[in-house]
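Bear in mind the structure is a predicted one, so any value in this text is a computation, not a measurement. Computation of the quantities below employed the complete heavy-atom set of this structure, encompassing side-chain atoms and omitting hydrogens, waters and symmetry-equivalent molecules.
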Amino acid sequence: MVIVRKIASIILTMWLIVTVTFIIMHSIPGDPFSNDSKVLSEEQLNHMKAKFHLDQPILNQYFIYLKNIAMLDLGPSIQSESRDVNTIIGEGIGASALLGIQSIIIALIGGIILGTIAAIYKHRFLDFLALFIAIIGISVPSFILAPLLIKYFGVEWQLLPIANFDTWWHSILPSLALAVGPLVIITRYVRSNMIEVLNSNYIRTAIAKGLPMSYILTQHVLRNTLLPVITFLGPLFPSVVTGTFVIEKVFSIPGIGKYFVESIFNRDYPVIMGTTIFYSFILLLTLLLVDVCYRVIDPRISLRSGERYE
C-alpha cells in the first residue's frame with residue numbers, strides 16, 4: 001500500500017514537471033524555426049508550425065503533449081527531421097549509462113575502501129593520506145581533471161585510448177573523471193559515519209566479546225555506515241547515468257548530455273522537454289529505490305516515513 005502511494009506521488013510529480021517544463025519552454029522568447037542556417041518561406045514556416053502543433057492555442061498544445069507523454073511518445077525533433085526524441089534518447093542512453101554505472105561502481109568501491117581505512121587508522125598516516133587524496137579530488141574540477149587524464153594516460157604514457165568511443169577501453173578514462181567527485185564525497189561520508197559507529201556501545205561490546213574485526217566491520221559497521229551513502233547515491237545516480245555535459249564534450253562521447261546541449265542552442269523544444277522529463281523520471285524512480293534499499297539494509301526503518309523503529 002505504501003509503494004502504491006509512492007508510485008502515485010511519482011505520477012503526480014511527473015505531471016507537475018511536464019506542466020512546468022511545457023510552460024517554461026513556451027515562455028522563452030524566440031522561435032525554434034528562426035535559425036540563421038535555414039531560410040524558410042512563409043508557406044514553409046506555416047507548414048512547420050502546423051506539423052508541430054505550434055499554430056494551435058497553447059492549451060490545445062498542452063493537452064496534445066500530455067496525451068503523447070501518456071503514450072510514452074516524447075514527440076519529433078524539430079532540428080532532426082529523421083529522428084524523434086525517443087530515438088535520440090535511445091541512441092545516447094547507452095554511452096551515458098555505461099559511463100555512469102562504471103563511475104558509480106568506481107566511486108562506491110574506492111570511497112568505501114578509503115573511508116574505511118581512514119576511519120580505522122584515525123589521526124594516523126593512512127587517515128591523513130586518505131583525507132589528502134579527498135581534498136585534492138574535490139579541489140580539481142572535472143573540466144581540468146579530464147584533460148589531465150587525457151594528457152598523461154592517453155598521450156604521454158599511451159596506456160588507454162582517447163579517440164572515438166568504439167570499445168570498452170575508451171570508457172575507462174571518462175569513467176575515472178566522472179568518479180573522482182563522488183568518490184571523494186563517499187570517502188568523507190564513510191569515514192565520519194564509521195568513526196561514529198565504531199565508538200558506539202554495541203561495537204565496543206562486540207569487540208569485548210572477542211569477535212573478529214573483519215566480522216564486526218562487514219556485519220555491523222558497514223551496514224549502518226552505508227545508509228547516508230545510499231542517500232547520496234539517490235540523486236547522484238540519474239545525473240551521471242543520463243550524461244555529464246563536460247565529460248561527454250571533452251571525450252567526444254555521443255551521450256544524452258551532448259544532445260541536450262545541442263538542443264538548447266538549436267531551440268529544439270521537444271528534445272529539451274523530452275530529456276528533462278526522462279531525467280526527472282529516472283531521478284524519481286531512483287529515490288523510490290533508495291527508500292526500498294533503506295528497508296532492505298535496516299528493517300527497522302519504516303518505508304512510509306523513513307523513521308527507525310527500535
Side-chain angles (χ1 to χ4, degrees), residues 99-142 144-146 148-149 172-241 244 247 286-287 289-301 306-308 310:
L99 297 184
I101 293 173
Q102 285 185 172
S103 64
I104 287 177
I105 293 174
I106 294 171
L108 193 58
I109 295 175
I112 290 175
I113 292 175
L114 285 177
T116 302
I117 292 173
I120 294 175
Y121 298 96
K122 183 178 66 170
H123 301 322
R124 285 186 257 178
F125 173 74
L126 291 178
D127 181 23
F128 292 128
L129 179 61
L131 291 179
F132 176 76
I133 294 173
I135 292 172
I136 295 298
I138 205 169
S139 302
V140 180
S142 58
I144 294 178
L145 179 63
L148 288 176
L149 291 175
I172 295 179
L173 282 183
S175 296
L176 287 174
L178 270 177
V180 170
L183 185 149
V184 169
I185 298 175
I186 292 173
T187 298
R188 296 172 62 188
Y189 270 131
V190 171
R191 179 187 180 274
S192 59
N193 285 279
M194 184 169 287
I195 290 174
E196 181 180 350
V197 174
L198 285 172
N199 290 327
S200 59
N201 291 330
Y202 73 94
I203 296 297
R204 291 197 185 101
T205 303
I207 295 175
K209 288 182 177 180
L211 293 176
M213 182 54 69
S214 59
Y215 178 85
I216 295 174
L217 287 175
T218 55
Q219 297 298 319
H220 298 288
V221 179
L222 279 178
R223 191 180 187 92
N224 290 283
T225 303
L226 286 179
L227 289 177
V229 174
I230 291 176
T231 303
F232 170 68
L233 288 179
L236 171 70
F237 181 80
S239 65
V240 294
V241 168
T244 301
I247 299 300
T286 305
L287 294 178
L289 293 177
V290 166
D291 288 341
V292 174
C293 289
Y294 274 167
R295 183 69 174 173
V296 172
I297 291 177
D298 192 344
R300 295 173 297 174
I301 295 179
E307 297 176 350
R308 175 179 292 189
E310 301 295 345

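- Between Gly100 and Ser103, the shortest heavy-atom distance links the atoms O-OG, 2.8 Å.
- Nearest heavy atoms, Gly111 versus Thr187: CA-OG1, 3.3 Å.
- Of all heavy-atom pairs between Ala130 and Leu114, the closest is CB-O, 4.0 Å.
- Ala107 is linked by a side-chain contact (heavy atoms from CB on, under 4.5 Å) to Ala179, Pro182, Leu183, Ile186, counting only residues two or more places apart in sequence or in another chain.
- Separating the CD1 atom in Ile104 from the CG atom in Leu99 is a distance of 11.0 Å, to the nearest 0.5 Å.
- Atom CE in Met194 sits 8.0 Å away from atom CD1 in Ile112 (nearest 0.5 Å).
- In this structure Ala177 satisfies the side-chain contact (heavy atoms from CB on, under 4.5 Å) test together with Ala146, Leu149, Ile247, Phe251, sequence neighbours excluded.
- In this structure, Ala119 and Arg191 approach most closely via the heavy-atom pair CB-O, 3.9 Å.
- Taken to the nearest 0.5 Å, the CG atom of Asn193 stands 11.0 Å off from the CG atom of Leu198.
- Under the 4.5 Å side-chain criterion, counting only non-hydrogen atoms from C-beta, Gln102 is not in contact with Leu178.
- By the 4.5 Å heavy-atom criterion applied to side chains, Arg204 and Asn199 are counted as neighbours.
- The distance from atom OG1 of Thr205 to atom CD1 of Ile207, rounded to the nearest 0.5 Å, is 9.0 Å.
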